[in-house]
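Okay, structure first, notes after.
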Number of protein chains: 2
Amino acid sequence: MTTTTSPRVLEHPTRDQIRLEEVLHALSDAVRLRIVRDMAREDTELSCSYFDLPVTKSTTTHHFRVLRESGVIRQMYRGTAKLNCLRRSDLDALFPGLLDSVLAAAGAQAGREGEEGTA
Amino acid sequence: MTTTTSPRVLEHPTRDQIRLEEVLHALSDAVRLRIVRDMAREDTELSCSYFDLPVTKSTTTHHFRVLRESGVIRQMYRGTAKLNCLRRSDLDALFPGLLDSVLAAAGAQAGREGEEGTA
DNA sequence: GCCGTACTACGATGAGTATCGTACGAGCAT
DNA sequence: ATGCTCGTACGATACTCATCGTAGTACGGC
């Protein structure tokens, strides 16, 4: 054993460390917005591989980290899988209505364009 | 006369050209968020020089352009001054509740930190 | 033990951007 | 006309970031 000190522990900002600018920045990317939208639709914990994203796995990891470090999602390990869920209660407490209006806006915009294949 | 063709006309996206990702990105910068907050508080058209920002004039121009090109504000010339106003109705129509919740969130966060000098 | 799956870490790269300084143009006042 | 103020344009710079490929680690099944 090489004392790998495998952290296997993921850093999350506490509720009062979450900054509005960073949340908005995290949501201002199409890939991440789609992740958040999918996560809001299913209301359970989802593994990273659940999402069928048009980017490689490296990039997917990057986007999930941005979401986690900005406080939008919470991630935890479960064996080899990593489960993700929205930090709804934290976000709603800090920024009431923000997440809902962003999700509604994203849905409306997706509908306005030709993206209804995700029924 | 050198046919300067001074455009003096500012390009704005039409309502249906406004993209959520770009709006969120425009709002994800501290300087721009502050501009939008000030603009929402006063509900009239404000000149660029009204805002006392911690950046140079060049940078200010840049930020106003980002806001305009993303569809968040509307700008027009009035003599030498350039007046700015929020595109509230367009944003509310496209993304109901979004602007209000962002403004509320920005206000709440500013209050949480030590920024109440703008009474 | 060995292999496969799930995800990460690291390095590279190309694009975007926040910032500045300086120089310029447009309009107003005198 | 001269000068002043407001804002823009352009170039430079340094930083961030979205993306990828490759190599590696952690866990579970065989």
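Letters A, B, ... mirror the listed sequences (proteins, then strands); counts begin at 1.
Summarising the local packing, CD of B:E42 is surrounded by more than 12 heavy atoms from other residues, nucleotides or ligands at distances under 6.0 Å.
Look at B:S49 and you'll find a side-chain N or O under 4.0 angstrom from OP1 or OP2 of D:dG7.
Under the side chain to side chain donor-acceptor pair (under 3.5 Å) criterion, A:S89 pairs with no residue at all, not counting sequence neighbours. Applying the side chain to side chain donor-acceptor pair (under 3.5 Å) rule to B:H12 yields no partners; only residues at least two apart in sequence or on another chain are considered. Qualifying side chain to side chain donor-acceptor pair (under 3.5 Å) partners for A:T80, counting only residues two or more places apart in sequence or in other chains: none. Qualifying side chain to side chain contact (heavy atoms under 4.5 Å, CB included) partners for A:Q17, counting only residues two or more places apart in sequence or in other chains: A:P13, A:T14. Not a single side chain to side chain donor-acceptor pair (under 3.5 Å) links A:T60 to another residue, sequence neighbours left out.
Every pair passing salt bridge (charged side-chain N to carboxylate O under 4.0 Å, His left out) that includes a residue from residues 84-105 of chain B is listed here, sequence neighbours excluded: B:R15-B:D90, B:R74-B:D90, B:R87-B:D90, B:R88-B:D100. Applying the salt bridge (charged side-chain N to carboxylate O under 4.0 Å, His left out) test to pairs two or more places apart or on separate chains, those with a residue in residues 17-28 of chain B are A:E113-B:R19, B:R19-B:E21.
Protein atom CD of A:E69 is 13 Å distant from nucleotide atom P of D:dT16, rounded to whole Å. Following rounding to the nearest Å, A:Q75 (CD) and C:dA6 (C1') show an atom-to-atom distance of 13 Å. If you take CZ of A:F64 and C1' of C:dA6, they are 12 Å apart, rounded to a whole angstrom. Note: CG (A:L27) to C1' (D:dC17) measures 16 Å, nearest angstrom. The nearest whole Å value for the distance from the CE atom in A:M76 to the P atom in C:dA6 is 18 Å. Distance A:L83 CG to C:dC7 P: 9 Å, rounded to the nearest Å. If you take CZ of B:F51 and P of D:dC6, they are 15 Å apart, rounded to a whole angstrom. In this structure, CZ of A:R68 is placed 13 Å from P of C:dC7, rounded to the nearest angstrom.
In the hydrophobic clustering of this structure, B:L20 does not group with A:V66; members are Ile, Leu, Val, Met, Phe, Trp, Tyr whose side-chain heavy atoms approach within less than 4.5 Å, directly or through other members.
Counting any heavy atom pair closer than 4.0 Å across all strands shown, A:Y77 reaches sugar-phosphate atoms only and no base atom. Among the protein residues, B:T61 comes within range of the nucleic acid bases, having at least one heavy atom under 4.0 Å from a base atom.
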Between N or O atoms, less than 3.5 Å apart, protein on one side and nucleotides 28-30 of chain C on the other: list the pairs.
none

Q: Any chance you could list the contact pattern along nucleotides 12-23 of chain C? Use B for base contacts, S for sugar-phosphate-only contacts and - for none, protein heavy atoms under 4.0 Å, 5' to 3'.
A: -----SBBBBB-

